[in-house]
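Taking it in order: structure first as structure tokens, then the write-up.
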Protein chains: 2
Amino acid sequence: MVPNGDRPILLSKDCPVRQILDLVRDKWIPPVLYTLCSGTRRYNDFQRQIPGVSKKMLTQTLRQLESDGIVERTVYPVVPPKVEYKLTPFGEKLIEPISVLADWAWQHQEELKLIHERRTSLSIVT
Amino acid sequence: MVPNGDRPILLSKDCPVRQILDLVRDKWIPPVLYTLCSGTRRYNDFQRQIPGVSKKMLTQTLRQLESDGIVERTVYPVVPPKVEYKLTPFGEKLIEPISVLADWAWQHQEELKLIHERRTSLSIVT
DNA sequence: CGGTATCCGCTTCGATACTG
DNA sequence: CAGTATCGAAGCGGATACCG
């Protein structure tokens, strides 16, 4: 982030920082990754553990992560259908830096709480 | 991120992780913070250094960051107008974890590049 | 120079209904 | 159980014009 050295700009589509931020920008990707941290999950597990996610968005997110090589999808040919999702090795590596962000957030939750409260109180006025 | 211990869920609005992710989700916040890393900046500096940002979004982003206590805005009563922006102490602290994310992205740019290329080639097909 | 104001397209996302 | 299909509202964000 800090412009040490002579790295290219953060803003072009070719910039890796831009690319990882784009991953995080996806509303449901962090919740899904979080759910997958502790192991293999089934479709319904996500629906129960992630409050407010619709089937549409859940499927869309899982498909995206699958085609990104972050999540592996396994279909068992049984009735009723059984589908399992788990992190790929790359997916597990991706957890690391996000964890750092998460840890920092927990350590500074008081400041973040202030920001959030100020934002919501403003949006009520407007 | 990793659900070690018995931390509350990442998904509620009260969760600090959710809150910092919401900051990063804002399209123009990372570019603006990046620009501010190396010191005080004026309005026009952002417009020149951040390709593609409109005045509307730039102003909106700066106002947001100001009311969040992340950026400090100083107006000099001169003609022509002169306005300076800089990070607050909290803003500078906020740079740390994002830097970690950025460093990770640079170290894994090959994998990220693959993801990005796959995504864009798919969107052309669709 | 450093903004506001307005219009509007486009994506995002939630709700609902249906399926193998 | 694990999806797919369709619709429509909301709002993000770009373009343009104007202002103190």
Side-chain angles (χ1 to χ4, degrees), chain A residues 11-13 18 21-32 35-36 40-68 71-86 119-120 122-126, chain B residues 11-13 18 21-32 35-36 40-68 71-86 119-120 122-126:
Chain A
L11 310 140
S12 89
K13 283 291 174 187
R18 178 83 261 161
L21 288 176
D22 282 344
L23 277 179
V24 166
R25 265 172 65 86
D26 232 285
K27 181 173 180 181
W28 298 107
I29 283 184
V32 165
T35 304
L36 281 169
T40 301
R41 289 284 178 277
R42 297 180 61 175
Y43 191 86
N44 258 3
D45 296 333
F46 294 108
Q47 287 208 281
R48 267 184 280 98
Q49 289 192 36
I50 304 177
V53 72
S54 67
K55 290 187 173 191
K56 178 188 170 184
M57 293 318 296
L58 179 53
T59 302
Q60 201 174 102
T61 304
L62 288 169
R63 291 290 185 279
Q64 179 74 69
L65 290 172
E66 186 190 1
S67 89
D68 284 346
V71 160
E72 187 189 326
R73 179 170 178 264
T74 311
V75 181
Y76 297 91
V78 296
V79 279
K82 178 181 175 183
V83 181
E84 281 185 350
Y85 296 89
K86 66 169 183 175
R119 283 194 173 191
T120 47
L122 283 176
S123 64
I124 290 168
V125 172
T126 315
Chain B
L11 310 140
S12 89
K13 283 291 176 189
R18 178 84 258 161
L21 288 176
D22 281 344
L23 278 179
V24 166
R25 266 171 64 86
D26 232 283
K27 180 173 179 180
W28 298 107
I29 283 183
V32 166
T35 304
L36 282 169
T40 301
R41 288 285 178 277
R42 295 180 62 176
Y43 191 86
N44 258 2
D45 295 334
F46 294 108
Q47 288 208 281
R48 266 183 284 99
Q49 290 193 35
I50 304 178
V53 71
S54 68
K55 291 186 172 190
K56 178 188 170 185
M57 292 318 296
L58 179 54
T59 303
Q60 203 176 99
T61 304
L62 288 169
R63 291 289 185 280
Q64 179 74 70
L65 289 172
E66 186 190 1
S67 90
D68 284 345
V71 160
E72 187 189 326
R73 180 171 177 264
T74 312
V75 181
Y76 297 91
V78 296
V79 278
K82 179 180 175 183
V83 180
E84 282 185 350
Y85 296 88
K86 66 169 184 176
R119 283 194 173 191
T120 47
L122 283 176
S123 64
I124 290 169
V125 173
T126 317

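Atom set for the values below is all heavy atoms of this structure, side chains included, hydrogens, waters and symmetry mates excluded. Letters go in sequence order (proteins before strands), and every chain restarts at 1.
- Side-chain contact between V53(A) and T61(A): absent, with no pair of heavy atoms (C-beta onward) separated by less than 4.5 Å.
- The shortest non-hydrogen separation linking R25(A) to V24(B) is CG-O, 4.1 Å.
- Smallest separation of non-hydrogen atoms from Y43(B) and K55(B): OH-O, 3.2 Å.
- T40(A) approaches K86(A) most closely through the heavy-atom pair OG1-CB, 3.8 Å.
- Residues Q47(A) and L58(A) are in side-chain contact: their nearest non-hydrogen atoms beyond the backbone lie under 4.5 Å apart.
- Listed for the T59(A) side chain is no donor-acceptor partner under 3.5 Å among the backbone atoms of K56(A).
- For dG2(C), the OP1/OP2 oxygens have no side-chain nitrogen or oxygen of R41(B) closer than 4.0 Å.
- Between the P atom of dC1(C) and the NZ atom of K55(B) lies a distance of 9 Å, rounded to the nearest Å.
- Here the P atom of nucleotide dG2(C) and the CZ atom of R73(B) are 10 Å apart, to the nearest Å.
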- line: With sugar-phosphate taken as primed atoms, P, OP1 and OP2 and all else as base, the protein-contact string of nucleotides 8-14 of chain C at under 4.0 Å (heavy atoms; B, S, -) is -----BB

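- Atom CZ of residue R73(A) and atom OG of residue S67(A) lie 12.5 Å apart, to the nearest 0.5 angstrom.
- Annotation for R18(A) and P31(B): closest pair NH1-CG, 4.0 Å, computed over non-hydrogen atoms.
- Within residues 76-83 of chain A, the residues having any heavy atom under 4.0 Å from DNA chain D are, by residue number, P80(A), P81(A), K82(A), V83(A).
- In this entry the distance linking CG of N44(B) with P of dG3(C) reads 10 Å, nearest Å.
- Taking the 5' to 3' direction, DNA chain D first and last meets chain B under 4.0 angstrom from a heavy atom at dG13(D) to dG20(D).
- Each of Q49(B), R42(B), R48(B) was compared with D45(B) under the side-chain hydrogen bond (donor to acceptor under 3.5 Å, both in side chains) criterion, and only R48(B) meets it.
- Ring pair F46(B)/Y85(B) is perpendicular by interplanar angle, where above 60° counts as perpendicular and below 30° as parallel.
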